[in-house]
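First the proteins, then the strands, lettered A, B, ... as listed; each starts at 1.
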Amino acid sequence: MIDLKALAEDAAYRAGAIRKGFDSADVDRLNALNEGFKASLAATESLRAESNAMSKAIGNAAPEERQAKIAEAGEFKTRLQESEESLAGLKTEMETLALTVPNPAHETVPDGGEDDYRVEKEVGEQTPEPKFNHAELGEHLSIVDTKKAVAISGSRFAYVLGDAVRMQFALVQWMMDRLSKHHFVPAVVPVLVREDMMVDAGFFPGDRDSVYELERDELFLVGTSEVGLAGLHRGERLDVDNLPLRYVGYSSCFRREAGTYGKDTAGLFRVHQFDKVEMFVYSHPDRSWDELELLLQLEEETFQQLELPYRVITVAAGDLGGAAAKKYDVEVWIPSEGRYRELTSCSNYTDFSGRRMGTRIKTDDGNVAVHTLNGTACAIGRTLLAIFENHQNADGSLNVPKVLQPYCGGLEVIEPR
RNA sequence: GGAGAGAUGGCAGAGUGGACGAUUGCGUCGGUCUUGAAAACCGUUGAGCCUACGGGUUCCGGGGGUUCGAAUCCCCCUCUCUCCGCCA
C-alpha cells in the first residue's frame, strides 16, 4: 500500500509511481477520491456523534420521555445510514484503486523498462563455452532428470539426483553458516498461505496469475519464502532497539510461469518448483538503504566464493514490480548462452509491505511502518546450473566449488555414473 | 473427520443490553523512601482514522444482523483448546 498522503502532497513520490508506469490520471482520480472520502468521513462522523448523544440521552431520560426520544432517534438513524452507505462506497472505490498503485521508484533507479537496466559492475572473467550446456550436463552426469519429471508432473519440473543433491544441501548449509555471522535468524516457513497474506506481502493483486491456487482450501502456494517471512510480524509493533531484524528462510517455491511458453524450456533454469534460501530484513526507515547494500554485498560474495563470473544491474523503474522501490539483480555468466542470467536479486520495499502488514515501529514521531527488504541468498536450481556451466572440465566432468567441498564430504569432482 | 469449550488491552483475567474503551492483578514508565538497589507506597500506562488541534470517531478474533443504544443478543467465518478417530 502506498502512502496516500505523500501521493497527494509529495511531487517526487508521485513521480516515482508514474515512472513505474502508473497512469497519472489515475493518481488524480485517487487523490480526488481520497478528498471526497475525507469529507464524507467528517460528515458521517458528526452525524454519528449526534446519534450517540441521542442514545445516551435515552438511557438517562425519565421513563415518560423515553418513547418520544426513541422515535426521534429512530428517524435520525436513517440519515446516518444513508451517509454511512455513501462513505462505504467511496472507501471501497478508493481502496481498490489504491491497492493497484505501485511503490514509487527510488530516485537512483533508471527510467524505462526491461532493457533499460544500468550495469553497476562486472566481476570475474567470462568462462569460455563448455562441452555441454547445463541441461545436457545434468543428463550426462545423471544428476538432473527432466524427462522422468515431465512424465509425472508435466513440463517445467525436474528431478535433482545424486551428487547434485549433495551440492544442494551443501549450498543451503554454507549459506546458513555465512548468514548466521550477520545475525540472520533461520526460518522454515509455510508455503501455503491465505489470500490476505499474498496481498499484504505485496504480491496481490499484481502477480495473481503467476501463483498457484488451491481453490478448495482457499490457499495459495508461495513463489518465495518472502511471503512467510513478511508475515512473521504482522500487526506487531517492533522495538527500535531490536532492529534490524534479519531472517533467512528456506522453502520450496512454486511458480506458474504463465506467459513464458517456449522460454528456457531445458533443464533447471525455469521450473515450476524449486528450492530457495531467502534473506529478509525488517529495517528502521533511516537504515533501509544501507541494508539493501548489505544484501547486495552478501549476494556478490556468494558468487565470488563460488568462483562464478557475474555482473550487477540496477533494474529500471518499469521492470520493478509493484512492491520494490529499487532492485539489484545479480546475473551470472552462462557461457553456453553467451550472456548473463539472473541468479539472485535484492529489493527494498521501503514501507510498502510494512504498511499493509501493520508492522510498525515506535518512534518519537509516533508509530511508522517498518521498511522491509528481501534478497535471494541462493536460488538452488539456478546456482547448480551456473556451477554446471562454469566449473565443467573439457572431458565433461564437473568440479565441485572449493567452498562447497567440506559440505559435500570432501567431494571434488563429479564424474558420469 | 466426529463431540464439546473458548477468543477481551504487553500478559493474566473480570464483565451477559445504557454508568464500559472497558474492574482487577502482573508488567511498563515516573515519583517518594534509600549511599545505591530491592521491598513498600503514590501516580502513570491500548491502538487506528479525521481534525477548523477545541475535539470527533472507530476498534473487545473477522464479517453480517437485531436495537434509539451491543464486549454483552442472533447468524456466518476463522482460529485456539479438550476428548475421540487418523497420522510423519
request  = Starting at atom CD1 of A:Ile70, determine the distance to atom P of B:G17, rounded to an integer number of angstrom.
outcome  = 17 Å
ask   = How far does the C1' atom of B:G9 sit from the matching atom of B:A47, given to the nearest Å?
value = 9 Å
Given RNA chain B, 5'-ward residue of the pair A:Ala49 and A:Arg360, judged by closest heavy atom = A:Arg360
remark   = Scanning all shown strands, the Watson-Crick or wobble mate of B:G61 with both distances under 3.5 Å is B:C77
message = Under 3.5 Å for both donor-acceptor distances, Watson-Crick or wobble: does B:C87 have a partner, and if so which one?
response = none
task = Calculate, to the nearest 0.5 Å, the distance between atoms OG and CG belonging to A:Ser283 and A:Leu373 respectively.
result = 6.0 Å
message = Please report the distance, rounded to the nearest Å, between CZ in A:Arg234 and C1' in B:G61.
response = 12 Å
inquiry  = Rounded to whole Å, how long is the line connecting atom CG of A:Leu47 with atom P of B:U57?
reply    = 11 Å
task = Give a yes or no on whether the ring-centroid distance for A:Tyr247 and A:His233 is below 6.0 angstrom.
result = yes
ask   = Is there a side-chain contact between A:Lys91 and A:Ser40 (heavy atoms, below 4.5 Å)?
value = no
ask   = Can you tell me how far C1' of B:C68 sits from CG of A:Leu80, to the nearest Å?
value = 11 Å
inquiry  = On RNA chain B, compare the nucleotides closest to A:Arg194 and A:Lys38; which residue's is nearer the 5' end?
reply    = A:Lys38
query = So which nucleotide does B:A3 pair with, by the Watson-Crick or G-U wobble rule with both distances under 3.5 Å?
reply = B:U82
ask   = So which nucleotide from B:U51, B:U78, B:U58 ends up closest to the side chain of A:Asn52?
value = B:U58
key: Base-pairing assignment for B:U67 (Watson-Crick or G-U wobble, both under 3.5 Å)   = none
task = Please state the C1' separation for the pair B:C26 and B:G13 - nearest whole angstrom.
result = 11 Å
request  = Let me know the distance between CD of A:Glu45 and P of B:G48, rounded to the nearest Å.
outcome  = 15 Å
request  = Take atom CZ of A:Arg237 and atom P of B:C11, then tell me their distance rounded to the nearest Å.
outcome  = 11 Å
Separation of atom CZ in A:Arg48 from atom C1' in B:C68, rounded to whole Å = 15 Å
message = Among A:His272, A:Arg256, A:Gln273, exactly one meets side chain to side chain donor-acceptor pair (under 3.5 Å) together with A:Tyr212. Which residue is that?
response = A:His272
query = With a 4.0 Å cut-off on heavy atoms, is A:Arg66 in touch with a base, just the backbone sugar-phosphate, or nothing at all?
reply = base
remark   = Between CG of A:Leu87 and P of B:C49 the distance, given in whole Å, is 16 Å
ask   = With a 4.0 Å cut-off on heavy atoms, is A:Leu41 in touch with a base, just the backbone sugar-phosphate, or nothing at all?
value = sugar-phosphate
ask   = Would B:G56 be called syn or anti, given that syn covers angles within 90° of 0?
value = anti
inquiry  = Under 6.0 Å between ring centres: does that hold for A:Phe220 and A:Phe203?
reply    = no
query = What is the pairing partner of B:C26, taking Watson-Crick or G-U wobble pairs with both distances under 3.5 Å in any strand?
reply = B:G10
